[in-house]
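Some notes on the structure that comes next.
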There are 2 protein chains.
Amino acid sequence: MNKLQYTRENLADTLRRHGINPTHQRIEIAHALFSRQAHLSADQVMAIVNEKHSETSKATVYNTLNLFRQKKLVREVIVDPSKVFYDPNMEPHYHIYNLESGELTDIDASSVRISGLPQLPGGVVAEGMDVVIRVRPESDNNS
Amino acid sequence: MNKLQYTRENLADTLRRHGINPTHQRIEIAHALFSRQAHLSADQVMAIVNEKHSETSKATVYNTLNLFRQKKLVREVIVDPSKVFYDPNMEPHYHIYNLESGELTDIDASSVRISGLPQLPGGVVAEGMDVVIRVRPESDNNS
DNA sequence: GATGAAAATTAGACAGAGTCCAATTCCTAC
DNA sequence: GTAGGAATTGGACTCTGTCTAATTTTCATC
């Protein structure tokens, strides 16, 4: 848990703390993700941010999401072959992915125990581990 | 272990056993994947199959890979946001993904123990679990 | 407040993966 | 060999994401 209230002021502080210059567009994009605490695609972020008036270009949305990821403010979730999701939850956690609806649900990692993973090959260092349980509605044979 | 020799004849049998009509193109695509036992993208399959003479169209490569996946002859591996990999290894296993080189390595699942996973939400059934360890070369701060 | 340089944003062209569709070719059973 | 269903094809198309050159914003300094 980071901040209980995702006001623009608090978000600007959060951006600064992550070494990100808090511009208007960046704050709005952060607000879209953090106030919802949801997994959003670039598309969805774009739609939310430009809901009222067109404020932010496609290039800025992509630039900003990549910047957030580099600065470890959000996490990329790669489960859908056609688009990347951005996840504002940086606590260790895993995902359940509904293949039918595209819905993505968190699994808290603190209760999950994983053992017996092999030694990593030399010269590389782990950056993270993703666990995804793919589910589909009962008695559904598609795709 | 399925077949030690991935001859065209054996592959045709394998296709039939999975309810797939073994056409020339399908056998060649299966051969590309199984004889190499490698993780290949649609692009790479396309290149291999058309190496000598142009034999197979892009549409057929995509159709066939999707058919193979539906018939559970190969597995889809979603780790790279820009392309899907197809994996002829259907034994339970996980992956190490090198973010720098794009290289994908298998982890045998039999030694890995995962406990404490939560109950699935009602009405859905698990189709599989993917575990991916993302690694990058030591002292490398990129991306 | 004016000024100028660096940082951020923009529109739109572009690239690459994957899908779609109507037309053709290939098999198989007769 | 013929009819008919299955498979394949080229090419247009869509969609996500990147790139670029031009413009706007920001901000420190005067």
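To find a chain, count down the sequence lines: A is the first, B the second, and so on, and within it residues start at 1. Values below: every heavy atom of this structure, side chains too, minus hydrogens, waters and symmetry copies.
- Distance, A:Phe85 CZ to D:dT16 C1': 12 Å, rounded to whole Å.
- The CD-C1' distance, from B:Gln25 to D:dA6, rounds to 12 Å in whole Å.
- Remark: P of D:dG17 and CZ of A:Arg69 are 12 Å apart, rounded to the nearest angstrom.
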Using the salt bridge (charged side-chain N to carboxylate O under 4.0 Å, His left out) rule, take B:Arg136 and A:Glu127 through it: C-alpha gap first, then chi angles, then the decisive distance, then the call. CA-CA 7 Å; B:Arg136 69 170 66 254; A:Glu127 173 140 321; 2.6 Å; yes
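- Remark: B:Gln25 pairs with no residue by the side chain to side chain donor-acceptor pair (under 3.5 Å) rule, at least two apart or across chains.
- Between B:Thr23 and D:dA6 there is no side-chain polar atom (N or O) within less than 4.0 angstrom of OP1 or OP2.
- Nucleotide C:dT9 holds its P atom 10 Å from the CD1 atom of A:Ile27, rounded to whole Å.
- Interface residues of residues 52-67 of chain A facing DNA chain D, ordered by number: A:Lys58, A:Ala59, A:Tyr62, A:Asn66; criterion, heavy-atom separation under 4.0 Å.
- The separation between B:Leu15 atom CG and D:dA6 atom C1' is 15 Å, rounded to whole Å.
- Regarding B:Ile20, its CD1 atom lies at a distance of 11 Å from the P atom of D:dT8, rounded to whole Å.
- One can place CE of A:Met46 at 14 Å from P of D:dT18, the figure rounded to the nearest angstrom.
- When rounded to the nearest whole Å, the span between CD1 of B:Ile29 and P of D:dT9 equals 9 Å.
- Taking each heavy atom of B:Gln44 and B:His39 in turn, the nearest pair found is OE1-O, 3.9 Å.
- A:Asn10 places no side-chain N or O within donor-acceptor distance of the main-chain N or O of A:Tyr6, the cut-off being under 3.5 Å.
- In this structure, A:Ser41 reaches neither bases nor backbone, as no heavy-atom distance under 4.0 Å exists between it and the strands shown.
- Applying the side chain to side chain donor-acceptor pair (under 3.5 Å) rule to A:Glu76 yields the partners A:Arg69; only residues at least two apart in sequence or on another chain are considered.
- In this structure, of D:dG17, C:dA7, C:dT9, it is C:dA7 that holds the atom nearest to the side chain of A:Asn21.
- Cluster membership for B:Val79 and A:Ile96, using ILVMFWY side-chain heavy atoms within less than 4.5 angstrom, is not shared.
- Each of B:His24 and B:Lys83 has a nearest nucleotide on DNA chain C; the 5'-most of these lies closest to B:Lys83.
- Without hydrogens or angle criteria, A:Asp106 side chain to A:His93 main chain gives no donor-acceptor distance under 3.5 Å.
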